[in-house]
Amino acid sequence: MDYDAFEQASRLEQAAGLLRGAGHVVVFTGAGVSAESGIPTFRDTQGLWTRFPPEQFATWTGLVRTAIFRPRRLAAFVYEVLQPIAAARPNRAHRAIERLEHHTRVTVVTQNIDGLHEDAGSTVVYSVHGTLFEIVFGQRRFLRLLSRRDLQRIGNRLARLRSAWVLPLIRLLLAIRPLVGLSWRGIHRPKLVLFGDALCQPDWNLAIEAMQSCDCVLQVGCSGQVFPAALLTLVAKEHEATVIAIDLEDTAADIWLRGPAGEILPDLLEAAFDEDLEND
Ligand code: NAD
């Protein structure tokens, strides 16, 4: 075993010991936990922000402006966000997180909008950036839930817009009507947090409470560069919790387990509780 592998193995053992002793674990997830489900992250070198700048595509005013002046470009962006989420299934990382509940109290706090923790069966999930599946109107009043199948249909309509040169704005508005539109109730849209929006409530306050009461945070696939969500781990540290990060890149944490979440999390579960994810 080379030195790096030896170091990683001893960090894994240390993290396993912490999990075994923890009465309450918060699993704090970012885009990286869903990467192995085929949903790209935004910030990485090949990420979406390199092709669709956040100033134009991550604020409601930027999106409206792009819709009016470059509808086909907006269609391409919405398609790229929607399509992988519509086709995604939970991966080994989501399943290991669900399985952790068999051994200790677990609260999942996620920045993701893809619904994969719920699909994997995690029972307590706070989505601080909202979800693509819940449609709200007015001051975030519930209107309806969409399914992955609904997203797939919207994606198919958007794909056809690529070659539509006649009335692209109208065709875009019709294509995305289940997601965003105008009706007698007002404007409806997904319950999502874009740049400059307040975080989702009550999830944000509940996430802070969880961070204040846990012994250990398992931070999975989060760069720690998305604010204010990144402040949550600081809250936990102030309350003397230990932060274990699982990520391809080094992030500020007490213990860093380097590698893909879908490999490292099942290994951690096995080291901590002798649980084999393959025995489903
Ligand atoms: P981010 O800043 O949390 O960065 C992603 C992190 O994941 C990086 O640190 C990267 O090294 C790590 N990573 C990538 N692949 C990994 C893997 N297989 N295993 C472990 N770690 C891995 O997230 P972002 O991409 O900048 O996105 C910003 C925000 O946009 C998110 O907080 C979220 O709200 C939203 N978003 C959601 C989804 C989703 O719902 N699946 C996807 C992309 C972005």
Side-chain angles (χ1 to χ4, degrees), residues 8 12 15 27-55 57-59 63 77-97 108-120 122 125-134 146 148 151 190-200 203-204 207 217-233 243-253 255-268:
Q8 172 92 345
L12 190 87
V27 184
F28 179 44
T29 63
V33 77
S34 297
E36 289 153 81
S37 292
I39 306 175
T41 64
F42 284 179
R43 205 169 293 266
D44 292 326
T45 39
Q46 302 294 314
L48 218 58
W49 292 152
T50 56
R51 283 171 296 130
F52 298 98
E55 321 74 82
F57 293 94
T59 64
L63 288 172
F77 171 72
V78 179
Y79 177 83
E80 293 226 17
V81 173
L82 232 59
Q83 200 55 25
I85 295 182
R89 296 285 172 272
N91 64 46
R92 283 164 56 82
H94 298 103
R95 285 169 43 222
I97 292 165
V108 178
V109 174
T110 188
Q111 299 170 66
N112 293 344
I113 57 168
D114 58 28
L116 290 177
H117 288 299
E118 289 88 342
D119 283 5
S122 286
V125 182
Y126 301 139
S127 301
V128 295
H129 289 170
T131 163
L132 193 54
F133 297 92
E134 187 176 332
L146 296 180
R148 287 190 202 276
L151 296 188
K191 187 180 172 189
L192 287 182
V193 173
L194 298 192
F195 284 19
D197 289 348
L199 294 194
C200 272
D203 298 52
W204 176 246
V217 176
L218 207 49
Q219 178 183 299
V220 187
C222 292
S223 65
Q225 291 178 40
V226 184
F227 284 89
L231 298 174
L232 287 172
T233 44
V243 179
I244 303 165
I246 297 176
D247 205 293
L248 304 178
E249 307 289 335
D250 197 359
T251 58
I255 302 172
W256 171 38
L257 302 175
R258 183 189 58 231
E263 277 176 32
I264 305 287
L265 265 166
D267 285 354
L268 183 57

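Heads up: numbering here begins at 1 and tracks the sequence. The structure displayed is predicted, hence computed values, not measured ones. As the structure lists them, so they are numbered: ligands from 1, and atoms in each ligand from 1.
In this structure, atom 40 (O) of ligand 1 lies nearest to the protein heavy atom I113 N, 2.8 Å. The shortest contact between atom 5 (C) of ligand 1 and any protein heavy atom is with G221 O, 3.5 Å. When only non-hydrogen protein atoms are considered, atom 19 (N) of ligand 1 lies nearest to A261 N, 2.9 Å. In this structure, the protein non-hydrogen atom closest to atom 26 (O) of ligand 1 is R43 NE, 2.7 Å. Remark: minimum distance from atom 10 (C) of ligand 1 to any protein heavy atom is reached at D247 OD1, 3.3 Å. Summary of contacts: the protein heavy atom closest to atom 15 (N) of ligand 1 is L248 CD1, 3.5 Å. With respect to atom 37 (C) of ligand 1, the closest heavy atom belonging to the protein is N112 OD1, 3.7 Å. Nearest non-hydrogen protein atom to atom 39 (C) of ligand 1 is D114 OD2, 3.5 Å.
For the side chain to side chain contact (heavy atoms under 4.5 Å, CB included) with L116, the qualifying choice from I85, N91, I97, I39 is I39, the only one to do so. Of the options T131, N112, T110, a side chain to side chain contact (heavy atoms under 4.5 Å, CB included) to V125 is made by T110 and by none of the others.
The residue from A58, P84, A31, G32 that puts a heavy atom closest to atom 17 (C) of ligand 1 is G32. Closest heavy-atom approach to atom 18 (N) of ligand 1 within the set Q111, E36, H129: this belongs to E36. Comparing S223, G30, A230, S34 by heavy-atom distance to atom 1 (P) of ligand 1, the nearest is S223.
By the 3.5 Å distance cut-off applied to N or O atoms, F42 is counted among the residues near ligand 1. When only interatomic distances are considered, the shortest N/O to N/O separation between Q225 and ligand 1 does not fall below 3.5 Å.
Formation of a donor-acceptor pair under 3.5 Å by the T233 side chain with backbone atoms of A230 is found in this model. With hydrogens and angles ignored, the 3.5 Å screen pairs no side-chain donor or acceptor of E36 with any backbone N or O of R92.
Atom numbering of ligand 1 starts at 1 in the shown order; those under 4.0 Å from a heavy atom of G259 are 19 (N), 20 (C). The atoms of ligand 1 that sit less than 4.0 Å from any heavy atom of P40 are 42 (C), 43 (C).
When heavy-atom distances to ligand 1 are checked against a 4.0 Å cut-off, I39 comes that close only through its side chain, counted from C-beta outward. Of the heavy atoms in A35, only side-chain atoms (C-beta onward) come closer than 4.0 Å to ligand 1. The part of V226 lying near ligand 1 is the side chain, judged by heavy-atom distances below 4.0 Å.
The side-chain heavy atoms of L192 and H129, taken from C-beta on, include no pair separated by under 4.5 Å. Looking at heavy atoms from C-beta onward, K191 lies out of side-chain contact with S127 at the 4.5 angstrom threshold. Within the 4.5 Å cutoff, no side-chain heavy atoms of L232 are placed close to those of V217. Between V78 and L63 the shortest side-chain heavy-atom distance does not fall below 4.5 Å.
Atoms OH and CG, on Y79 and L151 in that order, are 12.5 Å from each other to the nearest 0.5 Å. Distance check, rounded to the nearest 0.5 Å: CH2 of W256 to CD1 of I264 gives 10.0 Å.
The two residues A261 and P266 come nearest to each other via the heavy atoms O-CD, 3.7 Å.
For the ligand labelled ligand 1, residue A229 lies outside the 4.0 Å heavy-atom shell.
Using modelled atom types, one finds no donor on one side chain facing an acceptor on the other under 3.5 Å when comparing H94 with S122.
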